[in-house]
Amino acid sequence: MQIVNVWLEHSVMNLNRTFSYCCGDEVRLERGMRVTVPLGSQQVVGFVDSCEHSDLSAEEYQQANGFEIKEISELIDNEPLMNDELYELGLWMARQTVSTNIACFQSMLPAKMKPKGNRQKAVMEYYIELIDPSQATSNKQKAAVEALKNGGMLRSEFNRNYPGVYGVLFERGAIKVTAKEREAEVSNLEIREAGYPLTEEQKQAIEKINNSQKDVILLHGLTGSGKTEVYMQLAAQKCRQGKQVLILVPEISLTPQMVSRMTSRFGNNIAIYHSKLNNQERYEQYQLVRKHKVSIVVGTRSAVFMPFDNLGLIVLDEEHDHSYKQDSTPKYHCRDVAIHRAQHHGCKVILGSATPTLESYARAIKGVYDLVELKNRIYQNLPKSYLIDMQKQLRKGNTILSQPLKDAMRERLENHEQCILLLNRRGYTPIMRCSSCGEVIQCPHCDIAMSYHKDENILMCHTCGQTMDADIACPTCGSRSWLHYGVGTQRLYEAVQKEFPEARILRMDADTTRKKGGHQEILEQFERHEADILLGTQMIAKGLDYPDVTLVGIFNADALLARMDYRCVEVTFDLIVQASGRSGRGKRKGEVFVQAYNCSHYGIQLAVKQDYVNFFKREMNYRHIGTYPPYCYMAAIMFVSGDEGKVQKAAYEGAQHFRSIEGLRVLGPSQLNRSFDEYRHRIVIKSMDREKMIDDVWNWFQQLSYNKQQLRIQIDIDPYVMD
Ligand code: ADP
Ligand code: ZN
Ligand code: ZN
């Protein structure tokens, strides 16, 4: 029989070890195939890690080892789902993220990886190889043999070029024939050139990247400085060399222009891979890459697991974007995976951004990465930005729109130019408070205030989605008189419409884009200039490139600073700079108005000046004083359960455990908002030694024995946002 070692999902144990099963010798099993096996009273899916032959029978095995070995129930795949590189990647990722191997394998594969039993017949091809050149006698035979000295040749090609010699040479043993499974060829490349010559700065950037000795290059370029064009030129170079290219983007539905630019340049040589595709579409895109039908992939986070075997370049555009970090287990960062894969393929990674993460910029300055800069915009200088103190505006009676912004908007409407207004808050008002007793309506499941949505006349929880009728009496005092605090996009829409009744306004937020293709519809309308004003949440701050937009207004720019998160200043800075970057990208000059209450904060001031380098210095100083990344490594461990006592106890014990380990600093446990009816407690660990920290967390995690249905533990190494 064969002993088969299988990775499984266990409902109690977090062990990263395989379980052994057996099956007959006739079954052909390989690493990376899926099998169904019995575990307790259940049948679970596992991944084969290895198998070895054993001379023992199942009974003899039990006698020798003291435990019963069970048989595999079913073999799901006929061939491995992952090649060696991807398999190793899964193991590496499990270690880095402190999650089980099986969880990593699951998240690497498209849901419908392989329809059961649908094995296509392989198409064969015949190759001729040279064995003994001395057997060639005639001139024709000698010429044929000579040609084979450079390596094998397809039989069809050989017969075409050297007719009439194959039979003789084969009989004399001069050549041999081998059959191979046919591989799809890379389709003939037709790359269209850009309609314009590169700027001097772009040329230098490309040259510097090509000559770089470093594996990772940070391309720090202003918004609109032509980074995308640099990616496309480099991608074209690699394609011509027969290599594959991966271009990672934060969110495809928000950046339709990026995709259309790529497809118009690279034609059908491109696969598009993102979370909005259904299972079948994803499977097809995956197969395109596997079978070498395309050489360029443009995709979001999970595209980093595509089955490349000959990568020549990876680009991570907008490398600061949060969507690159997966927020469910395994909590991997796409950048780390990209860099790891690039090492395997011996290719470069380009991280591009106007506002790099402090981690990446710090590495670039230290020389771990190479730094390449684009310091000029293609068409215009950066837009002129104004910071507006809303305290003063309030005193003048301007509550939502400040006077200078109103004036600027009026001017745009008269000149038929477009405006983008960013307010990172959806709904009508975020807080509804009883006017007689002061009670705030909270979500019954999450302990946070419910937002008022005037369009539908409901209250909605932005964490769990719970809704309720807004016409309610105060649960405490019975009053029906409510006060609404704050401003959301619905209320902003109302205010803008009231001020400019003739303006055509589009609103883009989670509520208006719920249906499939919703984003795209709104953006296309705006692109065709069927609206004058686009207003929305942070989803309109990214990547948009509309030449008629000459005004950007940012509301409550300092709101994010109130969050209890060490990264909140960086997030605020990024959002303002990125949103500002939408203004004045074409031939006309742009302006930006940033409205805030706390105008003296360095994060706001430097963002308005678009001064990344000074922001970096100030913020690094703050991180240094507080010992935050990049000056230390961090891990966040969250304990989640519907049973408050269980969470409290487990978090307390966890904190005690880590406090006893030398070299770790432990913060917490702290209690977070209840969410989806579950209690959440968190501890945060800081350390100077990342590898050791991961080991410590692993050792602790492995010996836990909580039933996962009663208490979940979510581990986040290098947490990105912690709110
Ligand atoms: P980024 O990615 O840095 O924001 P883009 O690559 O989108 O910048 O370039 C901004 C705009 O300039 C785009 O509309 C692009 O088509 C245009 N562009 C880029 N490179 C050139 C060039 N060399 N000559 C003319 N226009 C260019
Ligand atoms: Zn009340
Ligand atoms: Zn809720």
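Remember, it's 1-based here, ligands and their atoms both numbered in the order they're listed.
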Problem set entry | Contact summary for G478 and A473, nearest pair of heavy atoms |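 Closest heavy-atom pair between G478 and A473: O-CB, 3.7 Å.
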Exercise. Between P197, G221, G226, which one has a non-hydrogen atom sitting closest to atom 9 (O) of ligand 1?
Worked result: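 Shortest heavy-atom distance from atom 9 (O) of ligand 1: G226.
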Exercise. Angle subtended at the Zn ion (ligand 3) by SG of C464 and SG of C443, to 10 degrees?
Worked result: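 Between SG of C464 and SG of C443, at the Zn ion (ligand 3), the angle is about 110°.
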Exercise. Got a sec: is H462 within less than 2.8 Å of the Zn ion (ligand 3) via an N/O/S atom?
Worked result: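 Given the 2.8 Å cut-off, H462 does not count as a ligand of the Zn ion (ligand 3).
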Protein heavy atom at shortest distance from [atom]:
atom	answer
atom 19 (C) of ligand 1	Y196 OH, 3.6 Å
atom 2 (O) of ligand 1	T228 OG1, 2.7 Å
atom 20 (N) of ligand 1	Q202 NE2, 3.0 Å
atom 15 (C) of ligand 1	R261 NH2, 3.6 Å
atom 13 (C) of ligand 1	D545 OD2, 3.2 Å
atom 4 (O) of ligand 1	G224 N, 2.9 Å

Exercise. Do T489 and D511 come within less than 4.5 Å of each other through their side chains, counting heavy atoms only?
Worked result: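 No - every pair of side-chain heavy atoms lies 4.5 Å or more apart.
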Exercise. What does the angle at the Zn ion (ligand 2) come to, between atom SG of C474 and atom SG of C434, rounded to 10°?
Worked result: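 Vertex the Zn ion (ligand 2), arms to SG of C474 and SG of C434: 110°.
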Exercise. Ligand 1 versus R377, non-hydrogen atoms closer than 4.0 Å: side chain, backbone, both, neither?
Worked result: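 Neither part.
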Exercise. Does the pair R507/D455 count as a salt bridge with the N-to-O cut at 4.0 Å?
Worked result: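 Looking at D455 together with R507, the answer is yes, because their closest N to O distance falls below 4.0 Å.
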Exercise. Within 45° of the six-membered ring axis of Y546 and under 6.0 Å from that ring's centre, is NZ or CZ of R582 located there?
Worked result: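 No, R582 and Y546 do not form such a contact.
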